[in-house]
Amino acid sequence: MSQNLKIASWNINSVRARLDIVTRFLTEEAPDILCLQETKVMNDAFPGGIFRQMGYNHQVLHGQPMHHGVAIVSKIPIREDDRLDWQANGEARHVGVRLDNGVRLENVYVPAGGEVPDHTVNPKFGQKLAFVERMIEWSSKLDKPTILTGDFNIAPLECDVWSHKQLIDVVSHTEVECELLARLQASHNWVDIGRHFHPAPTRLYTWWSYRARDWAASDRGRRLDHMWISPELLDNAVSHRVAEPCRNWARPSDHAPLVTEFRF
DNA sequence: ATGTCACAGTAACTGTGA
(Lines give C-alpha, C1' and ligand atoms only; values in the text may rest on other atoms or scores of the structure.)
Protein backbone atom coordinates (compact mmCIF):
# COMPACT_ATOMS: atom_id res chain seq x y z
CA MET A 1 0.00 0.00 0.00
CA SER A 2 1.65 3.21 -1.13
CA GLN A 3 1.38 6.57 0.55
CA ASN A 4 1.60 9.90 -1.23
CA LEU A 5 3.38 12.58 0.70
CA LYS A 6 3.64 16.22 -0.30
CA ILE A 7 6.27 18.25 1.51
CA ALA A 8 6.64 22.01 1.14
CA SER A 9 9.32 24.39 2.39
CA TRP A 10 9.00 28.16 2.60
CA ASN A 11 11.04 30.98 4.03
CA ILE A 12 8.03 32.95 5.18
CA ASN A 13 9.79 36.08 6.53
CA SER A 14 7.60 36.35 9.65
CA VAL A 15 4.82 33.82 10.00
CA ARG A 16 2.58 36.32 11.79
CA ALA A 17 2.91 38.93 9.04
CA ARG A 18 2.13 36.26 6.42
CA LEU A 19 -0.92 34.54 7.88
CA ASP A 20 -3.05 35.46 4.86
CA ILE A 21 -0.69 34.00 2.31
CA VAL A 22 0.41 30.98 4.31
CA THR A 23 -3.20 29.90 4.81
CA ARG A 24 -3.92 30.54 1.13
CA PHE A 25 -0.95 28.39 0.23
CA LEU A 26 -2.10 25.56 2.49
CA THR A 27 -5.62 25.76 1.06
CA GLU A 28 -4.48 25.71 -2.55
CA GLU A 29 -1.54 23.35 -2.28
CA ALA A 30 -2.57 21.18 0.70
CA PRO A 31 0.88 19.79 1.49
CA ASP A 32 1.01 17.11 4.17
CA ILE A 33 3.97 18.85 5.77
CA LEU A 34 5.15 22.47 5.64
CA CYS A 35 8.65 23.47 6.75
CA LEU A 36 8.92 27.15 7.60
CA GLN A 37 12.00 29.32 7.99
CA GLU A 38 12.30 32.83 9.39
CA THR A 39 9.18 32.50 11.48
CA LYS A 40 10.44 35.43 13.59
CA VAL A 41 8.39 34.46 16.60
CA MET A 42 8.82 32.82 19.99
CA ASN A 43 7.13 29.45 20.40
CA ASP A 44 4.41 30.72 22.73
CA ALA A 45 3.34 33.36 20.20
CA PHE A 46 3.36 31.02 17.20
CA PRO A 47 -0.09 31.07 15.55
CA GLY A 48 -0.54 27.32 16.01
CA GLY A 49 -4.33 27.54 16.27
CA ILE A 50 -4.62 28.78 12.69
CA PHE A 51 -2.65 25.79 11.45
CA ARG A 52 -4.61 23.34 13.62
CA GLN A 53 -7.86 24.66 12.15
CA MET A 54 -6.48 23.65 8.76
CA GLY A 55 -5.59 20.15 9.92
CA TYR A 56 -1.95 20.74 10.75
CA ASN A 57 -2.22 19.30 14.23
CA HIS A 58 1.39 18.19 14.53
CA GLN A 59 3.74 21.10 15.10
CA VAL A 60 7.38 21.24 16.06
CA LEU A 61 8.53 24.77 16.80
CA HIS A 62 11.98 26.22 17.27
CA GLY A 63 11.58 29.94 17.54
CA GLN A 64 13.31 32.86 19.20
CA PRO A 65 12.45 36.53 19.59
CA MET A 66 12.69 38.80 16.57
CA HIS A 67 14.93 36.94 14.13
CA HIS A 68 15.35 33.56 12.49
CA GLY A 69 13.21 30.70 13.82
CA VAL A 70 12.04 27.50 12.12
CA ALA A 71 8.95 25.32 12.41
CA ILE A 72 7.40 22.22 10.91
CA VAL A 73 3.62 21.86 10.75
CA SER A 74 2.13 18.60 9.60
CA LYS A 75 -1.10 16.73 8.99
CA ILE A 76 0.65 13.44 9.73
CA PRO A 77 2.54 12.51 12.89
CA ILE A 78 6.04 13.89 13.26
CA ARG A 79 8.32 13.12 16.15
CA GLU A 80 10.97 15.61 17.12
CA ASP A 81 14.46 14.25 16.65
CA ASP A 82 16.78 17.14 17.31
CA ARG A 83 17.34 20.87 17.13
CA LEU A 84 20.96 21.49 16.34
CA ASP A 85 22.94 24.67 16.83
CA TRP A 86 25.54 24.61 14.09
CA GLN A 87 26.77 28.07 14.97
CA ALA A 88 27.01 27.35 18.70
CA ASN A 89 25.48 30.76 19.41
CA GLY A 90 21.93 29.86 20.43
CA GLU A 91 20.17 30.96 17.25
CA ALA A 92 17.09 28.97 16.20
CA ARG A 93 18.02 27.71 12.75
CA HIS A 94 17.28 24.00 12.67
CA VAL A 95 14.71 21.45 13.66
CA GLY A 96 14.65 17.80 12.67
CA VAL A 97 11.79 15.32 12.90
CA ARG A 98 11.16 11.68 12.17
CA LEU A 99 8.19 10.44 10.17
CA ASP A 100 6.38 7.23 11.00
CA ASN A 101 7.94 5.59 7.94
CA GLY A 102 11.41 6.15 9.40
CA VAL A 103 12.41 9.00 7.11
CA ARG A 104 14.01 12.01 8.75
CA LEU A 105 13.04 15.52 7.76
CA GLU A 106 15.56 18.26 8.53
CA ASN A 107 14.52 21.90 8.26
CA VAL A 108 17.36 24.43 8.19
CA TYR A 109 17.86 28.17 7.89
CA VAL A 110 21.50 28.80 7.02
CA PRO A 111 22.79 32.23 8.11
CA ALA A 112 22.66 34.86 5.37
CA GLY A 113 26.25 35.86 6.10
CA GLY A 114 26.12 39.66 6.06
CA GLU A 115 27.26 41.96 3.28
CA VAL A 116 31.01 41.52 2.85
CA PRO A 117 32.32 38.09 1.81
CA ASP A 118 35.41 38.29 4.00
CA HIS A 119 35.37 36.73 7.46
CA THR A 120 38.25 38.93 8.67
CA VAL A 121 36.08 42.06 8.42
CA ASN A 122 32.62 40.47 8.58
CA PRO A 123 32.16 37.94 11.39
CA LYS A 124 28.76 36.92 10.04
CA PHE A 125 30.38 35.56 6.92
CA GLY A 126 32.71 33.46 9.07
CA GLN A 127 29.75 32.21 11.09
CA LYS A 128 27.98 31.17 7.90
CA LEU A 129 31.02 29.19 6.75
CA ALA A 130 31.41 27.60 10.19
CA PHE A 131 27.73 26.71 10.22
CA VAL A 132 28.00 24.80 6.95
CA GLU A 133 31.28 23.18 8.08
CA ARG A 134 29.44 21.78 11.11
CA MET A 135 26.60 20.67 8.86
CA ILE A 136 29.15 18.71 6.84
CA GLU A 137 30.36 16.89 9.97
CA TRP A 138 26.75 16.08 10.88
CA SER A 139 25.75 15.10 7.36
CA SER A 140 28.67 12.73 6.84
CA LYS A 141 27.48 10.65 9.80
CA LEU A 142 23.81 10.38 8.81
CA ASP A 143 22.71 6.77 8.64
CA LYS A 144 18.97 7.10 7.92
CA PRO A 145 17.11 8.14 4.77
CA THR A 146 16.79 11.88 5.15
CA ILE A 147 15.16 14.87 3.51
CA LEU A 148 17.15 18.07 4.07
CA THR A 149 15.35 21.25 3.11
CA GLY A 150 15.16 24.94 3.81
CA ASP A 151 16.82 28.24 3.04
CA PHE A 152 20.48 27.41 2.47
CA ASN A 153 21.26 31.03 1.52
CA ILE A 154 23.64 29.79 -1.17
CA ALA A 155 22.93 29.73 -4.91
CA PRO A 156 25.46 27.13 -6.06
CA LEU A 157 25.37 27.05 -9.87
CA GLU A 158 25.95 29.78 -12.44
CA CYS A 159 22.36 29.32 -13.61
CA ASP A 160 21.13 29.68 -10.01
CA VAL A 161 21.58 33.46 -10.15
CA TRP A 162 20.42 36.08 -12.65
CA SER A 163 24.03 37.04 -13.42
CA HIS A 164 26.94 34.86 -12.42
CA LYS A 165 29.37 37.59 -13.41
CA GLN A 166 27.69 40.29 -11.34
CA LEU A 167 27.12 38.12 -8.28
CA ILE A 168 30.40 36.24 -8.06
CA ASP A 169 31.55 38.54 -5.24
CA VAL A 170 28.12 38.84 -3.64
CA VAL A 171 27.43 36.80 -0.50
CA SER A 172 25.33 33.75 -1.45
CA HIS A 173 27.19 33.04 -4.69
CA THR A 174 30.90 33.39 -3.86
CA GLU A 175 33.32 30.64 -4.76
CA VAL A 176 34.03 29.73 -1.13
CA GLU A 177 30.31 29.33 -0.40
CA CYS A 178 29.62 27.32 -3.55
CA GLU A 179 32.57 25.02 -2.83
CA LEU A 180 31.39 24.55 0.74
CA LEU A 181 27.90 23.65 -0.43
CA ALA A 182 29.38 21.18 -2.91
CA ARG A 183 31.29 19.55 -0.03
CA LEU A 184 28.09 19.38 2.00
CA GLN A 185 26.33 17.73 -0.91
CA ALA A 186 29.17 15.23 -1.35
CA SER A 187 29.23 14.36 2.35
CA HIS A 188 26.03 12.30 2.03
CA ASN A 189 25.75 12.02 -1.75
CA TRP A 190 22.70 14.25 -1.39
CA VAL A 191 20.44 14.42 -4.43
CA ASP A 192 19.56 18.03 -5.22
CA ILE A 193 15.96 17.33 -6.05
CA GLY A 194 15.43 20.71 -7.69
CA ARG A 195 18.12 19.99 -10.24
CA HIS A 196 17.05 16.35 -10.53
CA PHE A 197 13.66 17.40 -11.88
CA HIS A 198 14.82 20.64 -13.53
CA PRO A 199 18.38 20.07 -14.75
CA ALA A 200 20.73 23.00 -15.18
CA PRO A 201 20.61 25.47 -16.83
CA THR A 202 16.84 25.62 -16.28
CA ARG A 203 15.89 28.79 -14.45
CA LEU A 204 14.79 27.78 -10.94
CA TYR A 205 14.96 30.87 -8.74
CA THR A 206 13.38 30.81 -5.29
CA TRP A 207 14.15 34.34 -4.05
CA TRP A 208 13.77 37.85 -5.45
CA SER A 209 14.76 40.98 -3.50
CA TYR A 210 12.08 43.28 -2.17
CA ARG A 211 14.17 46.16 -3.43
CA ALA A 212 13.51 45.69 -7.11
CA ARG A 213 10.98 48.11 -8.52
CA ASP A 214 9.30 45.21 -10.31
CA TRP A 215 10.64 41.85 -9.15
CA ALA A 216 9.05 39.88 -11.99
CA ALA A 217 10.09 42.28 -14.76
CA SER A 218 13.71 42.52 -13.65
CA ASP A 219 13.73 38.84 -12.59
CA ARG A 220 16.98 39.20 -10.68
CA GLY A 221 16.41 36.00 -8.78
CA ARG A 222 18.57 33.50 -6.97
CA ARG A 223 18.05 29.83 -6.05
CA LEU A 224 18.66 30.01 -2.31
CA ASP A 225 16.13 27.42 -1.15
CA HIS A 226 16.74 23.75 -1.65
CA MET A 227 15.45 20.27 -1.04
CA TRP A 228 17.99 17.50 -0.90
CA ILE A 229 17.33 13.82 -0.31
CA SER A 230 19.34 10.73 0.52
CA PRO A 231 20.11 8.74 -2.65
CA GLU A 232 17.99 5.81 -1.46
CA LEU A 233 14.92 8.09 -1.50
CA LEU A 234 15.30 9.05 -5.13
CA ASP A 235 12.86 6.39 -6.31
CA ASN A 236 10.28 7.85 -3.94
CA ALA A 237 10.44 11.36 -5.40
CA VAL A 238 7.65 12.07 -7.86
CA SER A 239 7.80 15.79 -8.61
CA HIS A 240 9.29 19.06 -7.49
CA ARG A 241 8.58 22.67 -8.31
CA VAL A 242 8.94 26.24 -7.10
CA ALA A 243 5.56 27.84 -6.42
CA GLU A 244 6.65 31.10 -7.99
CA PRO A 245 3.20 32.77 -8.14
CA CYS A 246 3.26 33.07 -4.34
CA ARG A 247 5.95 35.75 -4.76
CA ASN A 248 3.28 37.88 -6.41
CA TRP A 249 0.61 37.55 -3.72
CA ALA A 250 -0.26 40.54 -1.52
CA ARG A 251 2.37 41.31 1.15
CA PRO A 252 4.58 38.45 -0.04
CA SER A 253 7.61 36.81 1.42
CA ASP A 254 10.71 37.49 -0.67
CA HIS A 255 11.02 33.69 -1.06
CA ALA A 256 8.75 31.34 -2.99
CA PRO A 257 7.83 27.91 -1.57
CA LEU A 258 9.24 24.60 -2.75
CA VAL A 259 6.73 21.79 -3.25
CA THR A 260 7.84 18.18 -3.56
CA GLU A 261 5.72 15.06 -3.94
CA PHE A 262 6.86 11.66 -2.77
CA ARG A 263 5.36 8.20 -2.95
CA PHE A 264 6.31 5.70 -0.31
C1' DA B 1 22.10 49.79 -6.48
C1' DT B 2 20.59 52.57 -0.26
C1' DG B 3 16.34 50.34 -2.93
C1' DT B 4 12.24 47.27 0.70
C1' DC B 5 10.56 44.62 4.30
C1' DA B 6 9.73 43.03 9.56
C1' DC B 7 10.61 43.39 14.46
C1' DA B 8 11.52 45.60 18.88
C1' DG B 9 12.50 49.39 21.86
C1' DT B 10 10.78 53.78 22.90
C1' DA B 11 6.76 56.54 21.72
C1' DA B 12 7.36 58.42 15.15
C1' DC B 13 11.28 57.29 15.08
C1' DT B 14 15.86 54.38 15.00
C1' DG B 15 18.73 50.13 14.83
C1' DT B 16 19.23 45.45 13.22
C1' DG B 17 18.94 41.69 10.08
C1' DA B 18 17.86 40.30 5.71
Side-chain angles (χ1 to χ4, degrees), chain A residues 9-25 35-48 50 61-71 85-94 107-119 121-132 149-156 160-174 177 181 205-226 244-258:
Chain A
S9 174
W10 198 0
N11 179 321
I12 198 67
N13 186 14
S14 169
V15 68
R16 289 177 294 179
R18 297 310 158 211
L19 279 181
D20 286 350
I21 61 167
V22 78
T23 53
R24 177 177 172 186
F25 174 73
C35 299
L36 293 168
Q37 304 89 38
E38 278 205 89
T39 54
K40 294 188 174 180
V41 66
M42 302 219 291
N43 292 346
D44 59 7
F46 186 87
I50 306 277
L61 312 178
H62 188 188
Q64 66 173 79
M66 211 170 358
H67 298 303
H68 323 311
V70 291
D85 181 2
W86 286 308
Q87 266 179 139
N89 69 354
E91 291 179 348
R93 294 181 175 276
H94 167 263
N107 179 20
V108 63
Y109 175 49
V110 175
E115 295 284 322
V116 184
D118 177 350
H119 67 90
V121 296
N122 170 22
K124 286 184 195 165
F125 191 69
Q127 284 181 318
K128 180 181 195 175
L129 302 180
F131 186 99
V132 181
T149 193
D151 177 1
F152 293 10
N153 265 315
I154 298 174
D160 288 332
V161 293
W162 63 274
S163 167
H164 170 66
K165 213 180 242 178
Q166 286 176 256
L167 290 175
I168 189 64
D169 292 323
V170 173
V171 173
S172 75
H173 191 59
T174 62
E177 290 170 275
L181 197 68
Y205 304 146
T206 67
W207 176 88
W208 297 260
S209 171
Y210 283 126
R211 295 175 188 177
R213 202 169 288 135
D214 182 335
W215 74 274
S218 58
D219 197 28
R220 295 184 168 186
R222 306 180 200 171
R223 188 169 76 107
L224 302 178
D225 302 270
H226 301 273
E244 192 173 322
C246 300
R247 181 63 179 81
N248 223 24
W249 291 355
R251 294 192 73 214
S253 168
D254 44 357
H255 295 254
L258 310 182

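All heavy atoms count here, side chains included; hydrogens, waters and symmetry mates do not. Order of the sequence lines sets the chain letters (A, B, ...), proteins ahead of strands, with each chain counted from 1. From a predicted model like this one, the values you see are computed outputs, not experimental measurements.
Going from atom CH2 of A:W215 over to atom P of B:dC5 covers 14 Å, rounded to whole Å. When rounded to the nearest whole Å, the span between CH2 of A:W208 and C1' of B:dG3 equals 19 Å. For the pair A:R213 CZ and B:dT2 P, the computed distance is 12 Å after rounding to whole Å.
Under the 3.5 Å distance criterion, the side-chain polar atoms of A:D20 are left unmatched by any main-chain donor or acceptor of A:R24.
Here the side chains of A:S172 and A:N153 are not in contact, with every heavy-atom distance at 4.5 Å or above. Residues A:V116 and A:F125 form no side-chain contact, since every pair of their non-hydrogen atoms from C-beta on lies 4.5 Å or further apart.
For the C1' atoms, the distance linking B:dT10 with B:dG15 amounts to 12 Å, nearest Å. Rounded to the nearest Å, the gap between the C1' atom of B:dT2 and that of B:dT16 is 15 Å. Annotation: B:dG3 and B:dC7 have their P atoms spaced 22 Å apart (nearest Å). Straight-line distance between the P atoms of B:dA6 and B:dA1: roughly 26 Å, to the nearest whole Å.
Side-chain N/O atoms of A:R18 include one lying less than 4.0 angstrom from OP1 or OP2 on B:dA6. For B:dC7, one of the phosphate oxygens OP1 or OP2 lies less than 4.0 angstrom from a side-chain nitrogen or oxygen of A:S14.
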Atom pairs, N/O to N/O, protein against nucleotides 15-18 of chain B, distance under 3.5 Å?
| from | atom 1 | to | atom 2 | distance (Å) |
| --- | --- | --- | --- | --- |
| B:dG17 | OP2 | A:K124 | NZ | 3.3 |
| B:dA18 | OP1 | A:R93 | NH2 | 3.3 |
| B:dA18 | N6 | A:R211 | NH2 | 2.4 |
| B:dA18 | N1 | A:R211 | NH2 | 2.9 |

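With no hydrogens or angles considered, no side-chain donor-acceptor pair links A:W10 and A:D225 at under 3.5 Å.
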- Message: I'd like to know whether A:H164 forms a ring-ring contact (aromatic ring centres under 6.0 Å, His included) with A:H173, so could you lay out the CA-CA distance, the side-chain angles of the two residues, the decisive distance to 0.1 Å, and finally the verdict.
- Response: CA-CA 8 Å; A:H164 170 66; A:H173 191 59; 5.0 Å; yes
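Note that CD1 of A:I12 and CZ of A:F25 are 8.5 Å apart. Values are rounded to the nearest 0.5 Å.
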